[in-house]
Amino acid sequence: MSSLDNRHRNKDGEISGKHGNTLIRTLRKVYGQSFAAGYPETEKLSEVLLKLNETSLSQLRRDYETGHLEHKIANASK
């Protein structure tokens, strides 16, 4: 396992800890209907995070690392 894999796994754990209760429905408002494709919109992020495809995961990681994820979720939840 590379250090990049470990770093991503740690980030994913942080994302789940802070945003795990966020519904897929809300995240689709941010990232589009293809986010977490194949999962019901009523699922929580924590339930599907480890099974997400690389596209959905990289979007989450990028916004989390740049500090934009919380703001985007808050706006989509309104």
Does any part of the side chain of Leu49, heavy atoms only, come nearer than 4.5 Å to the side chain of Leu60, both counted from C-beta? yes
Rounding to 0.5 Å, atoms OH (Tyr64) and CG (Asp12) come to a distance of 10.0 Å
dist Leu27:CG -> Ser77:OG (nearest 0.5 Å) comes out at 8.5 Å
Scanning both residues in full, the closest heavy-atom pair of Arg25 with Thr42 reads NH2-CG2, 3.4 Å
Between Ser56 and Leu52, is there a donor-acceptor pair closer than 3.5 Å when you use the side chain of the first and the backbone of the second?
no
In this structure, CD of Gln59 is separated from NE2 of His68 (nearest 0.5 Å) by 14.5 Å
Rounding to 0.5 Å, atoms NE2 (His19) and CG (Leu69) come to a distance of 4.0 Å
- Taking the side chain as every heavy atom from C-beta outward, state whether Val48 and Ile24 have any pair of such atoms under 4.5 Å apart. yes
Q. Side-chain contact, heavy-atom cut-off 4.5 Å: Leu23 with Glu43?
A. no
State, yes or no, whether a side-chain contact exists between Phe35 and Thr55 at a heavy-atom distance under 4.5 Å. no
So, Glu47 side chain and Lys44 main chain: donor-acceptor pair closer than 3.5 Å or not? yes
Only one of Leu57, Thr22, Leu45 passes side chain to side chain contact (heavy atoms under 4.5 Å, CB included) with Ile15, and that residue is Leu45
Output for pair (Asp63 CG, Glu70 CD), nearest 0.5 Å, gives 12.0 Å
key: Salt bridge present between Glu14 and Arg61 (N-O < 4.0 angstrom)   = no
Here the gap from Asn53 atom CG to Ser34 atom OG, rounded to the nearest 0.5 Å, amounts to 8.0 Å
